[in-house]
Structures are given as structure tokens and as C-alpha cells.
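Take a look at the structure set out below.
Here the structure is a predicted model, which means the values were calculated and not measured.
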Amino acid sequence: GGYLLTGVLQQPISYRVLFPVAAALGVLAIWMFGHIPEAQVKAGSETRFTVWEGMTTLVTDKRFGLYSLAFLLFGFGNLLQSPLIPLFQVDELSISNQWVGYLAMTGAGVSALFYYIWGRVLDRHSPFIAVILSFAVTAVAPLVYANAHSVEVLMLASVLMGIAMPGIDLTWLNAVLHFTEREGIPRYAAMHTFLVGVRGLLAPFVSIWLLNTLGLSLRQCFYVSAGVIFLGTIMMALVVIFVILPHQRAQAALRRPRPRVEVDEG
């Protein structure tokens, strides 16, 4: 919100004002979530599981394990670029606060539109196809940064991320629903979220290690990020095409009613 205000107003807003405003909005959001009516759950219907049971899900369900590995690889590559973007904007392009606002405003506007578009796609097609497309679009964004020499070019990266992130946000849980029945959803969703946390803890530190210890330039680090994202995209495509979709077709064939064969007794 602060980036958007900074982009549209003539006088930049001090961070001493933006942070309290952001905190107030966060408190308001917590209050609103706390007042959302909860659905009534029957006693004894909760399914509890241990951490170990959640971890073994990645092994016992090979489809979900491979899917999670591809998602982990993609997310790791995507988060490699997260600490690099502000460094690149300031050190390489000397970007102004106003342009930071423009970039954020562009990404937010495109995201709002594509939440609707990806929702329509999910209503008509497999979420796994949407995941692959979102991954592929994301992979182009670090390449834009790696080859950008003017701030205007970064608009393309904002548009690409605005397209891809809603797709990933909507599809991950939708895809998880295809791996298990209702009672297994909490366990599968928890494992996916756990892996998201793992890559979020490690990836930014790895990108700084590439930058400071290995001595790679910011542009070279963006190429590394793009390469890891592309590997995750390719792996996800292979898993979907050769593992997940064939299994879904086989399950659909088993559920399809067989035609009755009448025997002529004459």
C-alpha cells in the first residue's frame, strides 16, 4: 500500500508514516479474520496427525512427493531473486521511490485482473496445467532483470509476476485436493506449507552467498534464479504429463460405468 501511495503522490511519504499505517491495517485484518463465522464441526470429526505422519506422506504418496519436489525447486529459484531485486533496483538502476510505486502498482493491478482469469481457467481445466503455465511465466521475470538497463524495462517483470503469482496462489491448494480425500487435506496442505517455509528460510541466504562468497554479479545471480525456476518448471511438466494425468485418467476409467451386455438366451 505504501508503494502505491508513493507512486501516485507528488511528495513521497516517510517510512515513519507508512509503517504505522501498515501495522494498523494488519491489526484491522486480524480483527476481521477473527469475526468470520466458523462452520460448525461435528465432535470427533477432526483428523489429527503427527509431524512424522505428515513427512511420510511425501514418500507413501509418490505423486504428491514428486509434485512437492518440483514445487520446492521452483519456489527455491523464485525466492533466490527476492533479496536481489531491491539491490538491483538501487545499485544498478538507481531507481526512485516513485518508480518503485509504479512497479508495485502495475504488478498489483495485473494480479487483480489475473485472479479472475486464473479462476476461470481452473473452472474449466486441470489445476496442474495452470501450475505449469504459471511456473513458465515466472521463469522469464529474472531474465528481464538480468538484461534490464532502464527502469522502464522492469515494468515487464512486474507484469509477468502479476500474471504468474495469482495462478500459483490459486492452484496450489486446488491441486492438493486432487491427491487425497477430504480427511487427508489438512495433512497434505500442512506438508506443502511446511516445504514453502523451508525454501523461504534457505533461498534468500543462498542468493546472498552467491553474491558475496562466490562473487557473482547481480545479473549472474538472476540467471541462476531463472535456471532453477526453469528446472522446476520442466520437472513439474514431466511429473504432470507422465505421472499425475495418467493416474487421473486411470481413476476416471475405473469410475466410469461399464455398459451392460445382454445375453441372447434364444
Side-chain angles (χ1 to χ4, degrees), residues 1-9 11-51 53-55 57 68 71-72 74-76 78-83 85-86 89 97-98 100-119 122 127 130-131 134 138 158 161-177 180 182-205:
Y3 283 151
L4 302 184
L5 291 174
T6 303
V8 298
L9 297 179
Q11 296 297 326
I13 301 175
S14 170
Y15 67 89
R16 298 184 185 278
V17 175
L18 290 178
F19 283 128
V21 170
L25 292 175
V27 172
L28 177 62
I30 293 172
W31 180 86
M32 294 175 68
F33 273 110
H35 286 74
I36 296 177
E38 296 184 11
Q40 295 296 323
V41 180
K42 295 181 180 179
S45 63
E46 295 182 358
T47 302
R48 297 182 178 276
F49 57 92
T50 64
V51 175
E53 288 173 336
M55 294 293 294
T57 303
S68 298
F71 217 113
L72 177 67
F74 158 81
F76 191 86
N78 187 33
L79 288 173
L80 279 176
Q81 66 174 331
S82 61
I85 289 176
Q89 290 176 345
N97 290 335
Q98 192 170 18
V100 170
Y102 290 151
L103 294 174
M105 188 165 50
T106 300
V110 174
S111 290
L113 173 62
F114 271 83
Y115 268 107
Y116 172 79
I117 294 175
W118 283 119
L122 290 178
V131 166
S134 299
T138 305
S158 292
M161 296 304 291
I163 293 172
M165 288 301 103
I168 297 169
D169 191 28
L170 291 176
T171 54
W172 78 264
L173 182 57
N174 197 300
V176 166
L177 300 180
T180 182
R182 183 187 182 98
E183 60 274 7
I185 292 175
R187 184 172 75 256
Y188 279 69
M191 283 314 305
H192 178 89
T193 306
F194 169 75
L195 294 176
V196 169
V198 170
R199 75 192 191 203
L201 285 172
L202 298 178
F205 292 101

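A donor-acceptor contact shorter than 3.5 Å is absent between the side chain of Trp172 and the backbone of Thr193.
Of all the heavy atoms in Ala164 and Ser134, the pair that sits closest is CB-O, 3.5 Å. Here the closest non-hydrogen pair linking Gly119 and Leu170 is N-CD1, 3.9 Å. Scanning both residues, Ser68 and Leu195, for their nearest heavy atoms gives CB-CD1, 3.6 Å. In terms of heavy-atom proximity, Trp118 sits nearest to Gly167 at CD1-N, 3.2 Å. Leu173 and Ala189 make their closest contact through CD1-CB, 4.4 Å (heavy atoms, listed as atom of the first residue, atom of the second, distance). Contact record, Ala130 with Leu122: CB-CD2, 4.0 Å, taken as the closest heavy-atom pair.
Separation of atoms CZ (Arg199) and CG (Leu72) is listed at 7.0 Å; rounding is to 0.5 Å. Here Ile85 contributes atom CD1 and Gln81 contributes atom CD; the two are 4.5 Å apart, rounded to the nearest 0.5 Å.
Shown here are the side chain to side chain contact (heavy atoms under 4.5 Å, CB included) partners of Ser82, two or more places apart in sequence or in another chain: Leu79, Pro204. Legend: residues meeting ring pair (Phe, Tyr, Trp, His ring centres under 6.0 Å) with Phe76, ordered by chain and number and at least two apart, are absent. Not counting sequence neighbours, the partners of Phe194 by the side chain to side chain contact (heavy atoms under 4.5 Å, CB included) test are Met55, Met191, Val198. Partners of Ser158 according to the side-chain hydrogen bond (donor to acceptor under 3.5 Å, both in side chains) rule, which considers only residues two or more places apart in sequence or in another chain, do not exist here. In this structure, Asn174 has no side-chain hydrogen bond (donor to acceptor under 3.5 Å, both in side chains) partners at least two apart in sequence or on a different chain. Take Ile185 and apply the side chain to side chain contact (heavy atoms under 4.5 Å, CB included) test, not counting sequence neighbours, and it matches Leu177, Thr180.
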Determine, step by step, whether Leu28 and Met32 satisfy the side chain to side chain contact (heavy atoms under 4.5 Å, CB included) criterion, reporting the C-alpha distance in whole Å, the side-chain angles of both residues, the deciding distance to 0.1 Å, and the verdict. CA-CA 6 Å; Leu28 177 62; Met32 294 175 68; 4.1 Å; yes

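Between Asn78 and Met165, the closest side-chain pair of non-hydrogen atoms falls below 4.5 Å. With contacts defined as side-chain heavy-atom distances shorter than 4.5 Å, the pair Ile168/Val131 does not qualify.
The aromatic rings of His192 and Phe71 sit perpendicular, their planes meeting at an angle over 60°, well past the 30° parallel limit.
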